[in-house]
Amino acid sequence: MAHRYNFAQAPVANPGAIVGGIEGSKYRFTVLADGLLRYEYASDGQFEDRASVLAVNRQLLVPKFRAKETPTSLEIITRCFHLTYDKKAFSPSGLSAAVKGNYWAHSSVWYYGDKNETLGGTARTLDDANGRVEMGHGIVSRKGFASIDDSKSMLFDEKGWLATRREGDRVDGYLFAYGHDYRGAVKALYTLSGPQPLLPRWALGNWWSRYHAYDEAEFLELMDNFKSRRIPLSVAVLDMDWHIVDDPRIAEAGVTGWTGYTWNKQLFPDPEAFLKKLHDYGLKTSLNVHPADGIHSFEDLYQEVAAKLGHDTSQKDPVLFDITNQAFLDAYFDVLHRRLESEGVDLWWVDWQQGQHSRIPGIDPLWVLNHFHFLDSAYDAKRPLTFSRYAGPGSHRYPIGFSGDTHITWKSLAFQPEFTNTASNIGYGWWSHDIGGHFHGAKDDELLIRWVQYGTFSPILRLHSSNSPWNPKEPWNLGGDNERVLTKFLRLRHRLVPYLYSMNARAARQSLPITQPMYWEYPEHDEAYQVPNQYLFGSELMVAPITSPRDRESGLGQVLVWFPPARHVDIFSGVVYDGNRLLWVARPLDSYPVFAREGSIIPFDGDAEPSNGCKDPDVIELVVVVGADGSFDLLEDEGTGASVNDIEFSLTSITFSQADGKLTIRPRKGTSSPRTHRAWNVRFPGFSSTKDIHFLVNDTPQDVHLEGDAAGLIVRLDSRSVEDELVLSVGENPQLDIVSQNPRFMTFFQQFLQQAQMSLDLKDTIWKTVSKEVPAAVKAGELVALGLREEILNALLEVLLAAA
C-alpha cells in the first residue's frame with residue numbers, strides 16, 4: 001500500500017525565497033516565482049510548512065527579487081509586481097501589490113481582501129443545472145492579478161496522511177500577478193500544485209454510460225450493436241445498478257441502496273466472465289460507487305472488512321464510512337476495491353454527493369476520496385486514473401472530472417462550452433460532461449447531435465442519460481439522417497485520438513490544458529472576451545460550438561465566430577476565412593464550425609471506421625493548412641508507465657515549410673511503439689492545386705495518388721517504414737483558395753437555396769443577386785437591401801465575405 005501514501009511533495013520553501021517569518025514576527029512572505037507570492041499572517045507567529053491540497057511544492061528556484069524594509073514598512077519587488085506592507089495585521093490599506101504593466105483601464109493594484117474579479121473558474125458540480133451556474137474564481141483576470149485563500153484547506157503530513165490546520169487567527173494566501181500572461185499564471189499554479197497527469201490513451205475515446213439496470217445479456221447485446229454498426233467505444237460504464245439495490249436486506253438495514261459492493265447476481269451471474277467479455281470487445285470497464293453508507297452485513301465482503309478492522313460483527317452492525325480513519329481507508333481499497341479490480345474493473349466512478357463535512361472539521365471527504373483513489377489506481381505500476389467530482393483548486397491532479405446531472409435543454413448545452421473553457425483558468429483541464437444531458441427536458445434529436453458534436457471536440461466524450469425509457473442515446477434509435485450524423489461524429493472522435501493523445505502528452509509535459517479560452521492566446525483583443533463559448537482545442541484547432549436550434553427556413557444552425565489575426569480554414573468544408581473580425585457562420589446538422597489557422601498540422605486516424613479501444617492507427621491522415629510554416633510532434637507509447645516522466649515516447653516530427661511548400665515526415669524517434677510501418681494520407685483543406693506535386697522517400701522520387709473533394713486536395717502515400725524520411729512538395733509558397741474564385745462558390749448558393757424552406761420568388765431574387773459579375777461587397781449590399789431575415793442574410797454573407 002506504499003503507493004497510496006507516496007506522492008511528490010516538497011512543501012518547505014527555499015529559505016532564500018522567504019521574507020519575514022523570524023521569531024516574534026506575525027507575517028511571512030514567500031516569493032515563489034516572478035509573479036507568484038505566498039502571504040501569511042499568524043497571530044501566534046506559527047507558520048505552516050506542510051503540504052496543502054493546493055500547495056504541494058513550494059521548494060522552487062528562488063526568483064530574482066528585492067526586499068526593502070524599515071521598522072514600519074516592507075516592500076518586495078519582482079519583475080511582475082511591487083508589494084508594499086505596513087507590518088500590521090493584513091488589511092486593504094496596509095497590504096497591496098502593484099502589477100507591472102497597464103492591464104486595466106482604472107486599476108492594476110491588488111489590495112488585500114479585494115473581491116476577486118477573475119475571468120471565472122469552475123464549480124463542484126452541475127447537478128440539476130439547467131443552464132448557467134456560479135463558476136467560482138480562477139487565477140486569471142483582465143486586471144492582471146488574482147488570489148487564492150488557502151487558509152482553511154486540508155493538509156498532508158510528511159507520511160502522506162491527512163492533517164488539519166492549527167487553530168487561531170491565520171491567513172494563508174497566494175497572489176498570482178502575471179498580467180495578461182494567462183498561460184504563465186496557470187503554469188505557476190501547476191508548479192505550486194503539481195502537474196496534470198498523463199491520461200491513458202483509451203480514456204480519449206467514446207464512453208458509454210447510462211443510469212439503467214442492465215443485465216449481462218442486454219449490455220452485451222448493446223455492445224454487439226455498436227460493434228456491428230462500426231461505432232467505436234473505448235470505455236463501458238455501469239452505473240449503480242451493478243450492485244444490489246432493491247433487496248429486502250437493504251430495506252431491513254434502513255439504508256438507501258445507493259452504496260454497494262456486492263454484484264447483483266440476478267443481473268450479472270458471473271461478473272468476472274462478463275468483464276472479460278467487455279475486455280474482449282477492446283473496452284475498459286468502470287463501476288459507479290457511492291461510498292457514504294459504509295459496509296453493511298449483507299455485503300459479500302463485510303466479514304473480511306470487519307476482520308481487517310477488528311469490528312464486532314455479532315450484532316451485524318455496519319462498518320461506518322469514515323474516510324478520515326486510515327485503517328478504514330486501507331480496508332476500503334485493499335478489500336473492497338481490490339477484490340472487484342481483480343475481477344476486471346479498470347476504473348472507479350466516485351460519485352460523492354454527500355457534502356463537504358467529515359468526522360474531522362476542515363477535511364472534505366471528496367478531497368480524500370479523490371486524492372487516495374487516484375494514488376491507489378497506480379498500484380501494480382498502472383497508469384493512474386480516477387473519475388470523480390471537482391473539490392477545489394488543486395483538483396486537476398486527479399482527472400477525470402464528472403460534472404454531474406444536467407437537464408436535457410439547449411440552455412444546458414449553451415453553458416457547457418464556457419464552463420469547460422473557464423475551468424482551464426483554474427488548471428482543471430479534463431471535464432467529462434453528461435453528453436446529451438441527464439434528465440428532464442424533452443426528446444430532441446437535433447439537441448443530442450449538437451451536444452455530441454461538442455463532445456467530439458471536448459476533453460472527454462461520455463454519453464450518459466437517466467433511466468427513463470424515453471431517453472435513449474443509441475444512434476440507431478434516431479434513425480435516418482440523424483443516425484448517420486451521430487454515427488459520423490462518434491467515429492470522428494476516435495479518428496481524432498492521434499491528435500488528442502499528443503495534446504494529452506503536451507498537457508502533462510508543458511502544463512497546457514487541452515481546452516483554452518480565446519483570450520489566453522489573444523489577451524489584448526476585446527473580441528476574444530466576447531465569445532466565451534469559442535475556444536482553442538489543443539495547439540491546432542479552434543472550435544465555435546453551435547448551441548441553439550436550427551433556423552426553420554434556412555435549415556442551418558448559427559454561431560458568431562471571432563476569427564483572430566491570420567487566415568483560418570474550415571477543416572470540413574475547406575472554406576477560407578480572413579482573420580481579425582467577427583462573422584456569423586451557419587452550418588447544417590451534419591457539419592460543425594471547426595477551424596485551423598494557416599500552418600496547422602492535425603493528425604487523424606486514417607481509418608474512416610476505427611475499431612474499439614483507441615489503438616495506434618495503421619494509417620495516419622494529416623490535415624495540413626498551407627499559408628504559413630507549421631510543425632507537429634506526433635507522440636505515441638505502449639501505454640505502460642505511471643507518470644509522463646517515466647515514458648520514452650515515440651516521436652514523429654512533422655513540419656511544413658511555406659517557402660518551398662514541403663511537408664516533411666521525419667523518421668520516428670524512440671522505441672515506445674512496436675510499429676514498424678505506417679501509411680500516410682495528406683489532406684489539404686482549402687487548397688486544390690495539383691501542378692507541382694512531388695514526393696520523395698529518403699530522397700528517392702516516388703509516385704503518389706491524388707484525389708480531390710469538395711474541401712480540397714487529398715494525397716495518398718503508400719505504407720512506409722517508420723524509419724523513412726518522407727517529403728511531399730506542393731509547390732513554392734502555396735496559397736489557400738479564395739472562395740469567391742473557386743467553382744465551389746456558386747455551388748454553395750445553389751445548395752443553400754435548394755433546401756431552404758422559403759418563397760420561390762425570393763429564391764430567384766437571391767440567385768440573380770449572387771450571380772452578378774460584381775464585387776462581393778456590392779452583392780452583400782444588395783442582399784442587405786432585400787430586407788432578408790438575419791438568419792438567411794447571415795448564411796449568405798458568410799460565404800460572400802469569408803475571404804476577399
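Numbers here are sequence positions counted from 1.
Applying the ring-ring contact (aromatic ring centres under 6.0 Å, His included) rule to Phe489 yields no partners; only residues at least two apart in sequence or on another chain are considered. Shown here are the ring-ring contact (aromatic ring centres under 6.0 Å, His included) partners of Trp562, two or more places apart in sequence or in another chain: Tyr522, His525. Residues satisfying the side chain to side chain contact (heavy atoms under 4.5 Å, CB included) test with Asn698, not counting sequence neighbours, are Asp724, Glu725. With sequence neighbours excluded, no residue satisfies ring-ring contact (aromatic ring centres under 6.0 Å, His included) with Trp202.
Asn421 places a side-chain N or O within donor-acceptor distance of the main-chain N or O of Pro532, the cut-off being under 3.5 Å. Side-chain atoms of Tyr190 come within 3.5 Å of backbone N or O of Gly427 as a donor-acceptor pair. Proximity of a side-chain donor or acceptor of Asp637 to a complementary backbone N or O of Ile647 within less than 3.5 Å is not detected. Asp380 places no side-chain N or O within 3.5 Å of a backbone atom of Lys382 that could act as its donor or acceptor partner. The closest donor-acceptor contact from the side chain of His705 to the backbone of Asp718 lies at 3.5 Å or more, if one exists at all. With hydrogens and angles ignored, the 3.5 Å screen pairs a side-chain donor or acceptor of Ser377 with a backbone N or O of Leu385. A donor-acceptor pair under 3.5 Å is formed between the side chain of Arg462 and the backbone N or O of Ser432.
Note on residues 484-503: pairs passing salt bridge (charged side-chain N to carboxylate O under 4.0 Å, His left out), not counting sequence neighbours, are Asp481-Arg484, Arg484-Asp590, Arg491-Glu609, Arg495-Glu621. Within the structure, every pair that satisfies the salt bridge (charged side-chain N to carboxylate O under 4.0 Å, His left out) test and touches residues 665-675, not counting sequence neighbours, is listed here: Asp618-Arg675.
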**Study point:** side chain to side chain donor-acceptor pair (under 3.5 Å) assessment of Asn733 paired with Gln658
**Key:** CA-CA 5 Å; Asn733 197 29; Gln658 174 63 19; 2.9 Å; yes
Check your understanding: Does the side-chain contact (heavy atoms from CB on, under 4.5 Å) test come out yes or no for Ser600 and Phe595, once each step is laid out?
Key -> CA-CA 10 Å; Ser600 295; Phe595 309 94; over 6 Å; no
Practice item. Go through the steps to decide whether Asp616 and Tyr501 satisfy the test side chain to side chain donor-acceptor pair (under 3.5 Å), and finish with yes or no. Key: CA-CA 10 Å; Asp616 288 351; Tyr501 191 73; over 6 Å; no
Exercise for review: Test side-chain contact (heavy atoms from CB on, under 4.5 Å) on Leu119 and Thr422 and set out the steps.
Suggested key: CA-CA 7 Å; Leu119 290 163; Thr422 62; over 6 Å; no
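Atom CG of Asp280 is surrounded by more than 12 heavy atoms from other residues, nucleotides or ligands within 6.0 Å.
His279 and Asp346 share a side-chain donor-acceptor pair at under 3.5 Å. With no hydrogens or angles considered, a side-chain donor-acceptor pair links Trp431 and Thr122 at under 3.5 Å. Counted by atom type alone, His433 and Ser458 present zero donor-acceptor pairs between their side chains at under 3.5 Å.
Taking 4.5 Å as the limit, some side-chain heavy atom of Pro459 sits within range of a side-chain heavy atom of Thr515. Glu707 places a side-chain heavy atom less than 4.5 Å from the side chain of Arg716. Side-chain contact check for Val715 versus Trp680: every heavy-atom pair is 4.5 Å or farther apart. Under the 4.5 Å side-chain criterion, counting only non-hydrogen atoms from C-beta, Ile514 is in contact with Leu500.
With Cys614 as the partner, the side-chain contact (heavy atoms from CB on, under 4.5 Å) test is satisfied by one option alone out of Pro200, Pro498, Ser234: Ser234. Between Thr655 and the options Ile601, Asp629, Thr664, a side-chain contact (heavy atoms from CB on, under 4.5 Å) holds for only Thr664.
A salt bridge does not link Glu527 to Arg581: none of the charged side-chain nitrogens sits closer than 4.0 Å to a carboxylate oxygen.
Checked against a 6.0 Å centroid threshold, the rings of Trp207 and Phe387 count as neighbours. Residues Phe572 and Tyr592 place their aromatic rings such that the two centres sit no closer than 6.0 Å.
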